[in-house]
Structures are given as structure tokens and as C-alpha cells.
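What follows is a short report on a single structure.
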There are 2 protein chains.
Amino acid sequence: MQGSSHDDVRRRNLSVILRLVHLGGAASRSRLTRLTGLNRSTIAALVAELADLGLVEERVPDATNQVGRPSPIVAVSDTFVAIAVNPEIDAVTVGIVGLDGTVRRRIRHPTAHSPSVAEAVEISAALIEGLRAELDPRFRMIGIGVAVPGLVRARDGLVRHAPHLGWVNEPLARLLHEATGYPVLAANDAGLGATAERYFGAGRGLTDLIYLNGGASGIGGGLIVGGQAAGGFDGYAGEFGHTRVSGSDRTDSAGLAGTLEAEVTRSELLEVLGLPGADADELERALLAADSPAVRAEVNRQQDFLAVALAGAINILNPQLVVLGGFLAALLAVDPDRLGAAVSTLTLRAPFEEVRLSAALLGSNLLMIGAAELAFDQLLADPAGSLAASA
Amino acid sequence: MQGSSHDDVRRRNLSVILRLVHLGGAASRSRLTRLTGLNRSTIAALVAELADLGLVEERVPDATNQVGRPSPIVAVSDTFVAIAVNPEIDAVTVGIVGLDGTVRRRIRHPTAHSPSVAEAVEISAALIEGLRAELDPRFRMIGIGVAVPGLVRARDGLVRHAPHLGWVNEPLARLLHEATGYPVLAANDAGLGATAERYFGAGRGLTDLIYLNGGASGIGGGLIVGGQAAGGFDGYAGEFGHTRVSGSDRTDSAGLAGTLEAEVTRSELLEVLGLPGADADELERALLAADSPAVRAEVNRQQDFLAVALAGAINILNPQLVVLGGFLAALLAVDPDRLGAAVSTLTLRAPFEEVRLSAALLGSNLLMIGAAELAFDQLLADPAGSLAASA
DNA sequence: CTGATTTGTTGAGGTTGGCAACGTATCATG
DNA sequence: CATGATACGTTGCCAACCTCAACAAATCAG
């Protein structure tokens, strides 16, 4: 219940404009005027301040075949970048992402074994140092966002539990900050995926969506509720994979029985297809090409369990969109109508009528973008303040 | 992405102060200064404006045994009231609720049969007219909030489906507005219960909680996510009752099989207790007094199914608190440790460690308060604007 | 080339919250 | 009971920010 003052107005207006060009791409000043409801002269002043800060650039107007004086185009500067980090079982990936949402550079550093926290920090810091060295000095690194496959406490970036990495109560954000000097924020990978798809992918502009991702080691998820990334109280929200969907005693990575993650697995799809391994695209192609009854039966089995979890979430959250990533997208692509029908039989009519199922769009850049968004958030919320403080 | 101007600052500050005294009760001006971070002189001006509007009153300071000049007490005026309406299978209840959250008056009008929409509107309008007639003219009715046992489309108050009442696609809010002339907002009853418990009950001050209510006709729920009442895209969120918790083919009121509402029922508790009927308190007393193995077995069975639904919600939403109302509160009270243990075995450790299970506190006033909150919302969001527009 | 249209630019104006100085009401102390 | 300390209300001035109106500039249509 904070009061607000003049400064907050300015702060908020700068933030709104920067977010508009960050999320929506370049826009003319007149367009910003319409979108924000602010006065022409105010927009001019705000854009000038953002330009002074180096955050945006004004370009000569496009030829639009419209009467009237052309309006300058405002675009985010390409000089502000964030570092995205994603530790996994078999690799640590580090990327550089621009404020315009483009992934400029991505390095995947394979590891012989699942890295410890110390190793992940060391590898990340080395990769970041390398990237920094090769980066033109006019670029400015804002901070680091880490996408962690596990439960991360939002307030301090403590990794509570990352089962596949074997990490428990590791102060990842603090360690990486100490190793690099940059501000570091960490969060659950699937939650960041939800944010990325919401801003730049299948859920552009939507306010209520859920995202489920199927990976080699399990199923994670994230949710956007009422326009906000919903992390829950500590940031652990989105664990759709541990929803109970059957009475069986097959257990998942957390030891819970009959859960979505226990029943719906990538490895079983690969097995029935006779593939030793495959990435998400290969798996989808193989599933679409296959016409054996065994494959069909396994797909149906997994779809039915997935439908239970999705239906529960739809009944509870009434989203506009369900985004499926990883092998769950393949499970959708094989027979979208069947999955939709299965969900239909388990949901109330009203929420079902409003929801769509969709595959994730961002592919391999998903987590880079999501993690960068985490790093950019403070800058976007208070452009002038963030830069003044760090200058 | 709206820009903001000076007016918004004022609007927001008035709103913040009114909400503080609305939710937190009377507060001294100096306390408001501390809570909002605003300047003393600003608080004085804002409180004066709210007092001019008749929304708050300043009282002489309490004796506080503190050095320094005493600070006047700011309290919400008792003259602003909202009307709360709650149609049910066997009655229509109408109440008057003050801006201070007190239920001033409540009339339950029993009906011989489940009322049609037209009947519910007619009864409500008549009750409201009666209440208005007996009300001192200095009181001011702000509007009407309706708590509906069913799915209500948030934006226009259309009742999409209220199974127990047999209503489908009924424009309740519009009809009641036409019958009374007051602004009318409608929403799902359990969602409003969640808001009420969050503001005035077991969840005071919390930002992430879920609420489940067990009634004679089923199980409803609501959620608060990140400090906001989460209605979902259309307002249908919170339907925990239709979460699948078993593989059985027992169906619920919506025809869905194996759901929480199908397995966890008030009627089965009454039956095993040998009671023909009972209100929530009587049921809880009877359950606590009973020690037959049959009762114990039924309680355990229902607790286990309830635990599945709660665990799923806890994994997905990471709430601070789970509030149980109606007979679900009784189910908790009989053996809280057992229910907690059952939930524990189905949840991830990190979110489980942060969550508490609690009974609802507001009892029979719950829906009156929740519905009134709906009616007050606009006034609280923009005190000066709301009153200027309606004057 | 002229008029219409749209938008940038500039300077004046109004509202609002912050701030500092001063006034006032209470408590503590002797 | 007088005095000082403390906390808070009150008052007047100030600065920040957005709006508005008038004017200028750039484009299209004819």
C-alpha cells in the first residue's frame, strides 16, 4: 500500500514506453501516443529522456502513404544486452540477448557429468568472461538471468531443489554474482518459458495462460495469471508435472506416484518408436510418420493422462491459452483433435470454450529469452532509476 | 499499457488511503503517513478530501501515553453501504454491509423451490426496496454485489451456468440492475469467499492463497495469486471441485467422473453419522464427537481425496495458505495432522513447507462480505471519481 | 501550387506532492 | 507547575510533470 508521487508518474511512463517498444518492436511516436493515451508533447519528452539514457533510438519515419507529418520511429537501442544462463544435466548454456528480444549469441558448453553448483558457476563465469571480451565495448551488459531446472526461491535465487542436477539449497544467484560482479536473478526454467512465450511466442498479448514443457528429465510448467507471471509465494509455482493423474504407483523424479511426470514421458515415446534419442523436432516428425498400433496406443495413453492435468488446470485457472513445449508439443501435434476432445470431457464447458491448445513457438531460444527477461525486468520497470543507480 | 498523469497519482493515493482504513480499520494520520510513505501534509490533504466526500471521518485522538502531539484518527464513515445478494437453492439472502466490513443487516428469504432468475431478481429487488425504505436517508447505497453459486462471466455478470439453480446463460446482473437501478456486479460465490477471507478472515494480509468451500450441493473455490483475486480470463477460475482425484466413475454435478466433488460430499458424512441434516457447525461437532470406525473410515476416505486436490493446487500455485470452508473445514478439524500428512505425501517439499491449512473464519457472513467487496471495489479504486460520476 | 491532414515543437498553465519552518499538544522531569 | 523534549498538524513556497493551445513542418490529394 505505497503512496505514489510525481516521480512515480515519470518512472511509470518511462517504463510503459520502454516496455511497449521492447515487447511490440519499433513504433512511431504517434503510435505511442495512441497506445498510452498520453499527450504528444509528453511522449516527445519521455522518448527524448529514454534516448538520452541510450535505451532507445529515433529513426527517420518510414514512408507510409499517409497524409500528415510523418512520425519518427522509436526503437530499442541494440546496445543493451542481458546474459542468460541455463545449467542442465549435460551442459551449461550461456547466451547474450538484446533488449529487443533477439538472441545475439549462444554458447552451449557440454559437460561430461551433471555439473555441481560450483562447476556450473565456474563454467558460466568463464563463458561470460569470454563473451564480454569479444563484445564491442559500446555494448552494455545489464545483468544475468538464470533459468534453473528446479525449484528456485524467488527472493534470493536460492535453488531449493533441482532433482536432475542433484542440487539442494544452493545459493546459486549469490555465487554467480560473486563470480562475475553482475546482478544475478534466478528462477525456474519453465516459469521463464511461460514468460517468454507470453511476451514473444504463442501467447503474445494474453493475460491468462499456462505453459507446460516436456523435457528429457520431466515436466515443468509456468503460469501467467491476470497478466502477471505467477510464481506463488516463494516462486515454486507451476509444478504441473507432479499433479496426480492416475492411481498407478509409477513414481516421478520427486518420488510421487501416479503423477503426470510419471505417466507422460519422453523416454517411453522414444522406446515405442524404436529411437535411441531424438530432439524435440525429430521426435515430432517420427511420431507424425509412425503408424504402428503400438505407437498410437502409447500416444493415446499419454494424451489421456496429459488431458487430466490440463483439464484440472483449465478448471482451476480458466486460461485463454495452454502452451505446450518440448515433447508435449509433439504429443499435441500428433492428434490435436483427440487431445482437445479428451480435455473437453474433463472440463466444465464454459472455461473449455474459451481456451486454445497451442505448441510453443520459441524453440531453442525459449530459455535464453525468458532468462534475459528476468535480467531486464528491473531496467524495464524503472529505466532512469536503474541506470542512474548503476552509473 | 496506459500512461499515467497527475490525476492518477491523486486517484491512487486517495484509493490507497481509503483501502488502508477500509481493510485495516481506523488509523491515525501519522500511521497513514508511515504506511504510505507520503508526506504529512499530503496525508492531511488527502484525508481532508476523503472527509469532504463523506467517505471517512476524523475523530479526536485516542489517549496513547505517547509523547508528542496526538494524531487524529481516520475511520471510514458508516454511511456508505453496499448490498450483498446471494441466491441459493432454497433461499435468497440479501444483506447490507458497511464500508467498514460490518454486516449491518441480513435477510434470508426462503423459497419453496429453487428460484428461477426472474424470481431471484424479483425477491432481491423487493428485499432491497424494503431495506432501503427502513434505512436512514443519510445512508448511501453504493451498489449491489451478487454471489452466485456457479460460473459467472466477469465482464458483464452473465451467469453462464449455475447447475444447482438450473440457470444457463442468464443475464443476472443486467436484470437486477434494471429492477433496482443500482449498479450490479456478479461473481462466483467461492471466488468472493476467497476475497473475503483474504481481506477480513483467515488470510488477512496474505498475497497467495486458495480457498475451498464445501456446501450441500458441491465444492467451489477461489484463488488469490500475487495479491490479486484470480478470476481467470472470463471469471470462471477456481473450480477445484471438478479436479480429478480418483479413477472411479462416480460423477459430480457437472457430470465429470472421479472428481473431488464426486468423492468428497457432505451427504455421505451426514449419512455415516446418521444425521438427517445439519449446518456446518453441527456437522463439525458431530464429527468430532463420533468415534465409530465407519465414520472414521469415511472421514479418512474423504480426507485422502481432498488431499489429492489440495496437493495438486499447492504444487501448481505455491500458496501461503489453504483456507477450507463449509464441511471441508469440518473434515480438517477432525484430524488436521492426518490431512496435513496426506497432503505432504503428494506435494513437493519446498511448497509444502511454506503452506498452512486453515479453517475459514467468517462463517455465515462470508458471502455477504465478499459480495459487498465486489460492489465497493470501484469506489475503493477511485473514490473521488466514483462519487463525482454518480452525483 | 493550394488546401487538408497529421504530427512535431514550443511555451504557458495548472495540479500535485515534497519540504521546511512554525505552531501545538502531549509526556517527562524537576 | 514550569520547562524541555518529542511528535505531529499547518502553512506557504517550490519543483516536477503532464496538458493544452498555438504554431510549424511534412506529407497527400487535387
Side-chain angles (χ1 to χ4, degrees), chain A residues 1-18 26-53 56-74 382-385 388, chain B residues 1-17 20 26-53 56-74 382-385 388:
Chain A
M1 288 287 210
Q2 287 284 333
S4 51
S5 66
H6 293 134
D7 298 356
D8 300 304
V9 175
R10 186 67 161 194
R11 195 175 3 255
R12 182 176 146 72
N13 285 343
L14 287 171
S15 169
V16 164
I17 290 182
L18 188 57
S28 70
R29 269 167 45 186
S30 73
R31 184 172 153 76
L32 294 175
T33 303
R34 280 192 301 276
L35 291 173
T36 59
L38 293 171
N39 195 279
R40 290 207 295 268
S41 45
T42 308
I43 293 291
L46 293 168
V47 169
E49 182 165 350
L50 290 175
D52 275 349
L53 292 167
V56 304
E57 283 162 4
E58 287 196 277
R59 294 201 310 252
V60 292
D62 298 335
T64 58
N65 283 358
Q66 274 191 337
V67 292
R69 179 174 176 170
S71 191
I73 304 297
V74 181
D382 181 13
Chain B
M1 288 286 211
Q2 287 283 336
S4 52
S5 65
H6 289 135
D7 298 356
D8 301 303
V9 175
R10 185 67 160 194
R11 196 176 2 255
R12 179 175 149 71
N13 284 343
L14 287 172
S15 169
V16 165
I17 291 183
L20 279 171
S28 71
R29 264 161 55 180
S30 72
R31 187 173 150 74
L32 294 175
T33 303
R34 281 191 301 276
L35 291 173
T36 60
L38 294 171
N39 195 277
R40 288 209 294 268
S41 46
T42 307
I43 293 290
L46 293 168
V47 169
E49 182 166 349
L50 290 175
D52 276 347
L53 292 168
V56 304
E57 283 160 5
E58 286 198 279
R59 294 200 310 252
V60 291
D62 298 335
T64 57
N65 283 358
Q66 274 193 334
V67 291
R69 179 173 176 172
S71 189
I73 303 297
V74 181
D382 181 13

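What you see is a predicted model; the values in this text were computed from it and never measured. Chain A is the first sequence line, chain B the second, and so forth, proteins listed ahead of strands; every chain is numbered from 1. Hydrogens, waters and symmetry mates play no part in the numbers below; they use all other heavy atoms, side chains included.
Nucleic acid contact for A:P61: none, since no nucleic acid atom lies under 4.0 Å from a heavy atom of the residue. No engagement by A:R31 is indicated, since no non-hydrogen atom pair under 4.0 Å with the nucleic acid exists. Heavy atoms of B:D7 sit nowhere under 4.0 angstrom from any nucleic acid atom. B:S28 comes within contact range of no nucleotide atom at all, as no heavy-atom separation falls under 4.0 Å. Residue-level contact check: A:S41 touches the bases, meaning some heavy atom is under 4.0 Å from a base atom.
Nearer to the 5' terminus of DNA chain C, by closest-nucleotide assignment, is the contact made by B:H6 (compared with the other of A:S4 and B:H6). When the nearest nucleotides of DNA chain C are assigned to A:S71 and A:S5 by heavy-atom distance, the more 5′-ward of the two goes with A:S71.
Ion pairing between a basic and an acidic side chain is recognised when a charged N comes within 4.0 Å of a carboxylate O; A:R11 and A:D8 show such pairing.
Among D:dA7, D:dC17, D:dA25, the nucleotide with an atom closest to any side-chain atom of A:R69 is D:dA25. Taking only side-chain atoms of B:R40, from C-beta outward, the nucleotide of D:dT19, D:dT10, D:dA24 with the closest atom is D:dT10.
Between the CG atom of B:N39 and the P atom of D:dC14 there is a distance of 17 Å, given to the nearest Å. The separation between A:R29 atom CZ and D:dA25 atom P is 15 Å, rounded to whole Å. Separating the CZ atom of A:R12 from the P atom of D:dC18 is a distance of 12 Å, rounded to the nearest angstrom.
Side-chain contact check for B:S5 and B:D7: no donor-acceptor pair (N or O, by modelled atom type) lies under 3.5 Å.
Contact footprint of chain B on DNA chain C: nucleotides with an atom under 4.0 Å from a non-hydrogen protein atom, first to last in 5' to 3' order, C:dG14 to C:dC27.
Partners of B:S28 under the side chain to side chain donor-acceptor pair (under 3.5 Å) rule, at least two apart in sequence or in another chain, are B:S30.
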Practice prompt. Tell me, with the steps shown, if A:L32 and A:V16 meet side chain to side chain contact (heavy atoms under 4.5 Å, CB included).
Written response: CA-CA 10 Å; A:L32 294 175; A:V16 164; over 6 Å; no
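Residues A:V60 and A:I73 are not in side-chain contact: their nearest non-hydrogen atoms beyond the backbone lie 4.5 Å or more apart. Under the 4.5 Å side-chain criterion, counting only non-hydrogen atoms from C-beta, A:I17 is in contact with A:I43.
Side-chain atoms of B:T33 do not come within 3.5 Å of backbone N or O of B:R40 as any donor-acceptor pair.
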